[in-house]
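Right, one structure below, let's go through it.
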Amino acid sequence: MPSPEPRVLQYTCVMHLDVIQNHPGTCPKCGMELVPLKEPRHRPPKVERATSQTAAHHQHMDDSPVDQEQSMNQDHAAKEHEMHEMKMQSSVNLSDPMTREGSGTSWLPDSSPVYGRMLMFGDSMLMLHGAIFPRYTNVSTRRGDDRIDAPNWFMGMFSHPLADNAQLGARLMMSVDPLTEGGRGYPLLFQSGESWHDRPLHDRQHPHDLFSELSVSYSQQFTHAFSGYIYFGYPGEPALGPPTFMHRISAMDDPDAPIGHHWQDSSHVTFGVATAGLQWQSIKIEGSVFTGREPDEGRYDFDRPRFDSASARISWNPTPDLALQFSHGYLKSPEALEPDANRHRTTASVIYNKALGHDTNWATTFVWGQNNDTDEGKTQSFLLESDFQRGRDTFYTRLECVEKSAHELQLTHTSPDKVFPIFAASFGYVRDFFHGRGIDAGLGGQFTIDDRPAELERDYGGEIAWGFEVFLRIRPSLHAHHHEEASAK
């Protein structure tokens with residue numbers, strides 16, 4: 001009797017199951033170590049419908065005990081691999097890999113790293129994320145300030161399969177910014193948006209609400225390539241703009257919000273959102289109805305839902321390293337202090353992520369955002385940010401140009417409709433002293449230079465505007481599945 005051919009051991013990536021090779025190594029998409037593939041290289045052929053179950057049963061009984069055991073092990077391995085594949089899906093749409101899931105229903109590149117802790121409860125998955133930045137920050141010029149604070153956010157994403165082609169998802173995102181930042185928020189030169197004590201905030205970033213997202217979603221896979229979902233959040237995020245800054249890999253190490261936040265991704269905390277989307281392979285079209293009003297000054301409550309605004313977005317991930325989106329939305333009365341002013345917002349973004357090897361990643365984002373406001377007209381914003389991480393070391397930068405009116409900056413000596421171009425450049429570095437053991441904790445520093453027209457010297461002073469901060473960055477480590485941990489032992 002001829003001896004059986006030796007079984008070829010194959011390896012796969014726990015985050016990208018389409019990567020399969022005959023030797024160990026790292027994933028070409030995300031850089032994670034490949035693990036042994038338990039699924040058999042060649043699945044047993046399926047029994048044709050014309051073949052009776054009795055004949056199949058007798059054929060199985062005719063096999064030797066060793067063959068029977070191998071067949072059972074193969075079936076078990078196949079089922080285990082299928083369960084493993086299911087567990088790595090997005091909580092919003094089961095057709096998406098977990099790495100693609102951004103804030104709200106937005107997309108990141110498929111190759112994006114995931115910083116979080118995954119817990120399994122039978123078939124259900126819970127992924128925990130978050131970050132906190134205890135720091136000292138100092139901003140120069142007459143409108144600057146210095147303080148000790150700790151911007152933060154914490155998030156849980158839950159998913160439960162309802163069938164082979166359906167899934168229920170839920171997410172909770174919270175922030176204790178109301179405690180660490182106070183009602184005025186933290187100093188950030190040329191920032192604007194929202195209010196405190198019935199006065200518009202300027203040169204400060206407002207705190208986020210205690211509840212930033214409380215959402216549920218249902219997704220259905222119609223065919224292998226075609227799927228759809230519905231999403232409801234109170235609060236939640238409509239289909240408008242790129243993933244919000246704290247969820248972009250290119251911005252996760254920067255404690256500050258962009259000064260173009262209210263031109264690009266400020267709708268990520270919206271009290272009342274309903275979104276429906278259809279997806280064909282790597283292209284998605286979605287639309288939302290939502291509340292246009294920004295959150296009020298009561299950061300611990302739930303604002304009244306209005307559902308008076310709408311948006312639409314098209315997203316495309318042409319390669320595992322790219323995520324593109326274009327969106328437009330109508331926001332009715334976004335600012336409580338200006339109830340008669342409405343806004344049309346248009347955005348476009350390109351997010352590039354490249355895994356350069358094990359524990360090495362480079363992420364870059366470009367965002368354009370335009371606001372067209374009642375009585376003010378169109379103003380533009382541009383953002384370019386990049387983050388390079390290698391082991392314990394991370395270097396990042398953010399470059400911005402935003403057009404802001406005298407009204408937006410609360411300038412009283414000139415016409416409120418006059419628009420000024422504002423430039424800002426930030427450079428930062430983080431060195432982890434705890435890394436890759438469940439928690440990444442690092443010491444970081446950032447330096448920012450701002451430029452503005454000479455006409456603003458009356459309010460900001462004639463000297464160069466700059467700011468610096470030193471901080472701790474604490475977050476979960478890069479997600480590692482238990483199969484990967486087991487293979488490393």
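Please read all numbers here as calculations on a predicted model, not as lab measurements. By convention here, the first residue in the shown sequence is residue 1.
Here the two rings, on His129 and Trp153, have centers that are 6.0 Å apart or farther. Residues Trp316 and Phe326 keep their aromatic ring centres 6.0 Å or farther apart. In this structure, Phe302 has its ring center under 6.0 Å from that of Phe211.
Side-chain atoms of Glu101 come within 3.5 Å of backbone N or O of Ser91 as a donor-acceptor pair. For the pair Ser103 (side chain) and Thr244 (backbone), a donor-acceptor distance under 3.5 Å is present. Using modelled atom types, one side-chain atom of Arg171 and one backbone atom of Gly104 make a donor-acceptor pair closer than 3.5 Å. When atom types are taken as modelled, the side chain of Glu297 and the backbone of His197 share a donor-acceptor pair closer than 3.5 angstrom. Checking side-chain atoms of Asn93 against main-chain N and O of Ser95 turns up a donor-acceptor pair under 3.5 Å. Ser217 places no side-chain N or O within 3.5 Å of a backbone atom of Tyr231 that could act as its donor or acceptor partner. No donor-acceptor pair under 3.5 Å is formed between the side chain of Thr270 and the backbone N or O of Val273. Judged purely by atom type and a 3.5 angstrom limit, Ser311 uses its side chain to pair as donor or acceptor with the backbone of Ala239. Thr180 contributes no side-chain N or O that, together with a main-chain N or O of Asp149, makes up a donor-acceptor pair within less than 3.5 Å. Judged purely by atom type and a 3.5 angstrom limit, Ser477 uses its side chain to pair as donor or acceptor with the backbone of Gly438.
The two residues Leu399 and Ala425 come nearest to each other via the heavy atoms CD2-CB, 3.6 Å. Closest of all the heavy-atom pairs between Ala274 and Phe307 is N-CE2, 4.1 Å. Closest approach of Pro242 to Asp265, counting heavy atoms only: O-CB, 4.1 Å. Nearest approach of Lys378 to Glu403, heavy atoms of both residues: O-OE1, 4.3 Å. Across all non-hydrogen atoms, the minimal contact from Ala323 to Pro109 is CB-N, 3.6 Å. The shortest non-hydrogen separation linking Gly193 to Glu408 is N-OE2, 4.2 Å.
A cation-pi arrangement is absent between Arg306 and Phe290 under the rule of less than 6.0 angstrom and at most 45 degrees off the ring axis. At least one cation-pi condition fails for Arg473 and Phe133: the charged atom is not both under 6.0 angstrom from the six-membered ring centre and inside a 45 degree cone around its axis. Under a cutoff of 6.0 Å and an axis angle of 45°, Arg143 and Tyr460 form a cation-pi pair. Stacking of Arg184 on the aromatic ring of Trp196 is not recorded, the 6.0 Å distance cut-off and the 45° axial limit not both being met.
For the atom pair OG (Ser333) and CG (Asp308), the distance works out to 7.5 Å, reported to the nearest 0.5 Å. Taking CD1 of Ile249 as the reference point, atom CG of Asn353 lies at 6.5 Å (rounded to 0.5 Å). Here the CG-NZ distance, from Asn361 to Lys354, works out to 10.0 Å after rounding to the nearest 0.5 Å. One distance of note links CG of Leu240 with CD of Gln325; it measures 8.0 Å at 0.5 Å rounding. Ser405 contributes atom OG, which lies 7.5 Å from atom CG of Asp417 (distance to the nearest 0.5 angstrom). In this structure, CE on Met173 lies 5.0 Å from OG on Ser212, to the nearest 0.5 angstrom.
With 3.5 Å as the limit, one finds a donor-acceptor pair spanning the side chains of Thr365 and Ser250. Side-chain polar atoms of His262 and Asn371 form no donor-acceptor pair below 3.5 angstrom.
Taking the six-membered ring for Trp and thresholds of 30 and 60 degrees, Tyr234 and Phe271 have ring planes more than 60 degrees apart, a perpendicular arrangement. Note: Tyr429 and Phe395 have tilted aromatic rings, judged against thresholds of 30 and 60 degrees for the angle between ring planes. Under the 30°/60° scheme for interplanar angles, the aromatic rings of Tyr396 and Phe471 are found to be tilted. Aromatic ring pairs are classed by plane angle as parallel below 30°, tilted from 30° to 60° and perpendicular above 60°; the pair Phe222 and Phe226 is tilted. By the 30° and 60° cut-offs, the orientation of the rings of His261 relative to His208 is perpendicular.
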Quick one, Asp340 with Lys332, criterion salt bridge (charged side-chain N to carboxylate O under 4.0 Å, His left out). Give me CA distance, side-chain angles, the key distance, then yes/no.
CA-CA 8 Å; Asp340 296 328; Lys332 181 176 176 60; over 6 Å; no
Salt bridge (charged side-chain N to carboxylate O under 4.0 Å, His left out) evaluation trace for Arg452 with Glu457
CA-CA 8 Å; Arg452 73 281 186 190; Glu457 291 183 3; over 6 Å; no
Glu335 vs Arg293, test: salt bridge (charged side-chain N to carboxylate O under 4.0 Å, His left out). Steps then yes/no.
CA-CA 6 Å; Glu335 297 290 346; Arg293 178 65 54 86; over 6 Å; no
Thr275 vs Tyr229, test: side-chain contact (heavy atoms from CB on, under 4.5 Å). Steps then yes/no.
CA-CA 8 Å; Thr275 301; Tyr229 69 88; 4.0 Å; yes
Would Glu385 and Phe245 count as a side-chain contact (heavy atoms from CB on, under 4.5 Å) here? Give the steps.
CA-CA 10 Å; Glu385 62 189 17; Phe245 64 92; 5.6 Å; no
Under the side-chain contact (heavy atoms from CB on, under 4.5 Å) criterion, do His328 and Arg345 qualify, and how do the steps go?
CA-CA 6 Å; His328 179 81; Arg345 176 175 296 161; over 6 Å; no
Determine whether Leu384 and Thr364 satisfy the following criterion, side-chain contact (heavy atoms from CB on, under 4.5 Å), listing intermediate values before the conclusion.
CA-CA 7 Å; Leu384 179 64; Thr364 300; 4.0 Å; yes
Verdict with reasoning, Arg398 to Asp256, per salt bridge (charged side-chain N to carboxylate O under 4.0 Å, His left out):
CA-CA 10 Å; Arg398 176 183 288 157; Asp256 288 338; over 6 Å; no
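Heavy-atom neighbours of Trp362 CH2 from other residues, nucleotides or ligands within 6.0 Å: at or below the threshold of 12. Heavy atoms of other residues, nucleotides or ligands lying less than 6.0 angstrom from NE2 of His224 number 12 at most. Around the CG atom of Asp375, the shell of radius 6.0 Å holds no more than 12 heavy atoms that belong to other residues, nucleotides or ligands. Dense packing is recorded around CG of Leu337, with more than 12 heavy atoms of other residues, nucleotides or ligands lying under 6.0 Å away. By the neighbour-count criterion of 12 heavy atoms within 6.0 Å, atom CZ of Phe434 is sparsely surrounded, having that number or fewer from other residues, nucleotides or ligands.
Each of Glu181, Glu194, Glu294 was evaluated against Arg299; a single residue qualifies, Glu194, per the salt bridge (Lys or Arg N to Asp or Glu O under 4.0 Å) test. Under the side-chain contact (heavy atoms from CB on, under 4.5 Å) rule, Ser112 has a single partner from Asp110, Leu108, Val114, which is Leu108. For the side-chain contact (heavy atoms from CB on, under 4.5 Å) criterion with Trp263, the lone passing option out of Glu400, Gln370, Lys404 is Lys404.
The side-chain heavy atoms of Tyr186 and Asp177, taken from C-beta on, include no pair separated by under 4.5 Å.
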